[in-house]
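Heads up: the structure comes next, in structure tokens.
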Amino acid sequence: MVLLLSRTYFPDGTNGKLEWEGRFVCNTIELPWRNNAKAVSCIPEGEYVLRKRYTKKYRWHIEVVDVENRSFILFHPANNALSELNGCIAPVTKLSGSGLGLESRQAFIKLKSLVYKSLERGEKVLLIVKS
């Protein structure tokens, strides 16, 4: 399975569109690009493997693996990149501004279901991030 994240960069945040096989899955919000600095930047464009991860805080969610000089980059619900994200990616149903979105939990449930079904079938799940 290959997910394609197409980004648009703004000074206050990064907005994206996530697609699978040419079909829209959800929008995304992230921090602005700040040279991949930990906790204040979105991750670099590139190709990444996704896997399941569990924590008490986020329960079952999705981890973006092998991000250069970064760790624990996750897909998890959030509606404001600057106040709720530390480099992670938040799926959102609707974009409401630069790095801002609405109904993140609904979008996250949809994305998690899609990714987990592929992983449970033994498929490798790739995320391609581009502008």
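Basis for what follows: all heavy atoms, side chains included, without hydrogens, waters or symmetry-related copies.
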When you look at Leu74 and Thr55, which way does the side chain to side chain contact (heavy atoms under 4.5 Å, CB included) test go after all the steps?
CA-CA 11 Å; Leu74 314 172; Thr55 65; 5.8 Å; no

Say whether, by atom type as modelled, one donor and one acceptor occur between the side chain of Asn15 and the main chain of Gly97 under 3.5 angstrom.
yes

Do any N or O atoms from the side chain of Tyr116 and from the backbone of His61 form a donor-acceptor pair under 3.5 angstrom?
yes

For Cys88 versus Glu30, what's the shortest heavy-atom pair and its separation?
O-CG, 4.0 Å

Say you draw a straight line from NZ of Lys94 to CG of Leu100; how long is it, rounded to the nearest 0.5 Å?
15.0 Å

Test Val49 against Leu126 for side chain to side chain contact (heavy atoms under 4.5 Å, CB included), laying out the working first.
CA-CA 5 Å; Val49 172; Leu126 291 178; 3.8 Å; yes

Which heavy atom in Arg7 sits nearest to a heavy atom in Tyr9, and how many Å separate them?
NH1-OH, 3.0 Å

Side-chain (Arg34) to main-chain (Val40) donor-acceptor, under 3.5 angstrom
yes

Test applied, side chain to side chain contact (heavy atoms under 4.5 Å, CB included); reference residue, Leu114; option that passes from Leu3, Leu119, Val125
Leu3

Can any side-chain N or O of Asn36 pair as donor or acceptor with the backbone N or O of Glu68 at less than 3.5 Å?
yes

How far does CG of Leu95 sit from CG of Leu102, to the nearest 0.5 angstrom?
8.5 Å

Please check if the number of heavy atoms outside Arg105 that lie under 6.0 Å from its CZ is greater than 12.
no

Check: Leu82 main-chain N/O paired with Asn80 side-chain donor or acceptor under 3.5 Å:
yes

Step through the shown structure and confirm whether more than 12 heavy atoms of other residues, nucleotides or ligands are within 6.0 Å of NZ on Lys52.
yes

Minimal heavy-atom distance between Thr14 and Pro32, with the atoms involved, is OG1-CA, 3.6 Å

Please check if the number of heavy atoms outside Phe72 that lie under 6.0 Å from its CZ is greater than 12.
no

Working for side chain to side chain contact (heavy atoms under 4.5 Å, CB included), residues Ile89 and Leu18
CA-CA 11 Å; Ile89 305 169; Leu18 194 61; over 6 Å; no

Count the heavy atoms belonging to other residues, nucleotides or ligands that lie under 6.0 Å from CD of Glu120, then report whether that count exceeds 12.
yes

Can you check whether Ser104's main-chain N or O pairs, donor with acceptor, with Thr93's side chain at less than 3.5 Å?
no

Side-chain donor or acceptor of Lys110 paired with backbone N/O of Val25 under 3.5 Å
yes

I'd like to check the salt bridge (Lys or Arg N to Asp or Glu O under 4.0 Å) partners of Glu47; sequence neighbours left out, ordered by chain and number.
none

Do you know the tightest heavy-atom contact between Leu85 and His76?
CD2-CE1, 3.5 Å

Check Val64 against Leu50 and note the closest heavy-atom contact, atom names and distance.
CG2-CD2, 3.7 Å

Looking only at heavy atoms, what is the nearest atom pair of Val65 and Tyr48, with distance?
O-CD2, 3.7 Å

Would you find a donor on one side and an acceptor on the other, under 3.5 Å apart, between the side chain of Glu84 and the backbone of Asn79?
yes

Nearest-0.5 Å distance that lies between atom OG in Ser96 and atom CD in Glu103
10.0 Å

NZ of Lys17 to SG of Cys26, rounded to nearest 0.5 Å, is 12.0 Å

Aromatic Phe75 / basic Lys112 pairing, under 6.0 angstrom, 45° off normal:
no

If you apply the rule side-chain hydrogen bond (donor to acceptor under 3.5 Å, both in side chains), what do you find for Glu19 with Ser6, and how did you get there?
CA-CA 8 Å; Glu19 296 176 297; Ser6 302; 4.6 Å; no

